[in-house]
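Here is the structure we will look at, set down as structure tokens.
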Amino acid sequence: MITASGVAEVRSACDEARRAGRRVGFVPTMGFLHPGHRSLMRAARVGNDVVVASIFVNPLQFGPTEDLERYPRDLAGDSAAAEAEGVDLLFLPAVDEMYPEPPLTTVHVAGLSEVLCGASRPGHFDGVATVVAKLLSIVGPCTAYFGRKDAQQLAVVRRMVSDLHLPADVVGCPLVRERDGVAMSSRNAYLSEEDRRAAPVLFGALRAAAAAVTGGERSGGALRRLIAREVAREPRVALEYVATCRPDDLEPLDHLEGDVLVAVAARVGSARLIDNITLCIRDADVVADLGVVTDRPESEVLCAER
Ligand code: AMP
């Protein structure tokens, strides 16, 4: 595995790989890698000749009162994990390399960025869209892998890539969970023992919602109320929002039919956690994508969607 910190070095390595006819797969991350990140690297490894991963804690996507300074970092562990997953090129840019000057040019995906998490994190998705556009510009034509854990981020990135004709195929990969159902996240490191014990209530509520829809529930309002009631059973968890919406444009859905994203965000102690499931509803048929569970990343093969 080659480690690079410069834009020019990464750009020329990717150009050279493509000139030699090699397919480039790209996995952008903020590091503190866990099996969710590793599943993206594995999907990229299976589908490409050269795998590029980046670790960059992007200041532009953190609000002034958010956790930029204390965001967990582990460069040695991350390098070992990336190498074990077969990453060929690990891009570790400094903030000055990505933003030599405060950017006057940013990307705003209207409509998708203000709702759900965007309502309490103004500017967050502009920061995400801007850094992903910059990273895709550096890596060049590639297949880029994102987790469905961050369903709104995936919708924003897909729409940006489409609107700007960026030369990337975006692949959404399954949400990876801990054994007790908690969605894996670098931010789980912020949870105290008691908060960690309370956190599974979110997935429990989503699973109850999936069961209700399988049992015939088709009202978005009733489903959202059911989730709020389930989460309220755990006083340490404060629900910020629950949404039922279309996965691609995040349009709210009150009648549940077709593909439905059921998404939640909650405060648990000092952490803000998000989680979601996707339901595919065709008349009486319901297929629920609840994510995958693994604590053995090395032995589990995860399939990317599309
Ligand atoms: P982050 O480092 O949090 O910016 O995440 C980098 C990439 O990993 C994003 O595409 C995330 O959606 C993805 N990711 C993070 N956690 C998970 C998870 N539990 N399951 C699947 N993908 C994940």
Side-chain angles (χ1 to χ4, degrees), residues 25-44 51-62 66-68 71-75 77-78 81-82 85 87 90-93 98 116-117 121 124-125 127-132 134-136 139 142-158 160-161 168-191 199-200 202-203 206 247 261 263-265 271-278 289-295 297 300 302-305:
F26 177 46
V27 181
T29 81
M30 297 205 300
F32 208 65
L33 302 179
H34 53 65
H37 297 113
R38 295 177 68 147
S39 72
L40 308 186
M41 293 172 177
R42 209 158 320 134
V51 175
V52 180
S54 63
I55 296 177
F56 180 60
V57 182
N58 172 35
L60 215 60
Q61 70 189 71
F62 287 76
E66 292 185 352
D67 54 344
L68 174 61
Y71 195 84
R73 293 159 213 249
D74 175 14
L75 210 45
D78 287 352
E85 295 302 346
V87 169
L90 185 60
F91 182 32
L92 302 168
M98 289 299 283
L116 309 183
C117 291
R121 304 189 70 190
H124 167 69
F125 289 107
V128 169
T130 302
V131 81
V132 172
K134 285 163 72 81
L135 289 166
L136 291 176
V139 171
C142 66
T143 302
Y145 296 81
F146 294 85
R148 298 205 285 269
K149 149 97 185 334
D150 298 274
Q152 184 173 12
Q153 170 172 285
L154 179 59
V156 165
V157 168
R158 279 194 198 284
M160 171 186 73
V161 163
D169 286 328
V170 175
V171 173
C173 296
L175 188 163
V176 179
R177 300 185 179 281
E178 306 274 1
R179 292 234 150 241
D180 64 0
V182 171
M184 287 190 175
S185 166
S186 307
R187 289 191 165 99
N188 290 348
Y190 299 151
L191 295 171
L202 289 178
F203 180 55
L206 292 171
L261 171 68
V264 295
R272 182 178 180 281
L273 304 185
I274 58 172
D275 201 345
N276 71 81
I277 59 172
T278 304
D289 172 5
L290 304 179
V292 298
V293 175
T294 175
D295 57 3
E300 198 113 352
L302 300 170
C303 299
E305 164 208 48

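Counting starts at 1 for both ligands and their atoms, following the listed order.
For Gln153, the side-chain hydrogen bond (donor to acceptor under 3.5 Å, both in side chains) criterion is met by no residue, not counting sequence neighbours. With sequence neighbours excluded, no residue forms a side-chain hydrogen bond (donor to acceptor under 3.5 Å, both in side chains) with Asn276.
Near Met184, the atoms of ligand 1 lying under 4.0 angstrom from a non-hydrogen atom of the residue are 16 (N), 17 (C), 18 (C), 19 (N). The distance from ligand 1 to the heavy atoms of Leu175 drops below 4.0 Å at these ligand atoms: 20 (N), 21 (C).
With distances taken over non-hydrogen atoms, the option nearest atom 8 (O) of ligand 1 out of Asp275, Thr29, Leu40 is Leu40.
Regarding atom 9 (C) of ligand 1, its nearest protein heavy-atom neighbour is Gln153 NE2, 3.7 Å. Regarding atom 1 (P) of ligand 1, its nearest protein heavy-atom neighbour is His37 NE2, 3.6 Å. In terms of protein heavy-atom proximity, atom 23 (C) of ligand 1 is closest to Lys149 CB, 3.9 Å.
Using a non-hydrogen distance threshold of 4.0 Å, Pro174 registers as a contact of ligand 1. At least one heavy atom of His34 sits less than 4.0 Å from an atom of ligand 1.
Using a 4.0 Å cut-off between charged nitrogen and carboxylate oxygen, Arg272 and Asp67 do not count as a salt-bridge pair.
For the pair Pro28 and ligand 1, the shortest N or O to N or O distance does not fall below 3.5 Å. Remark: ligand 1 and Phe146 share no N or O pair separated by less than 3.5 Å (distance only, no angle test). In terms of polar-atom proximity, Tyr145 is not counted as a contact of ligand 1, lacking any N or O under 3.5 Å from an N or O of the ligand.
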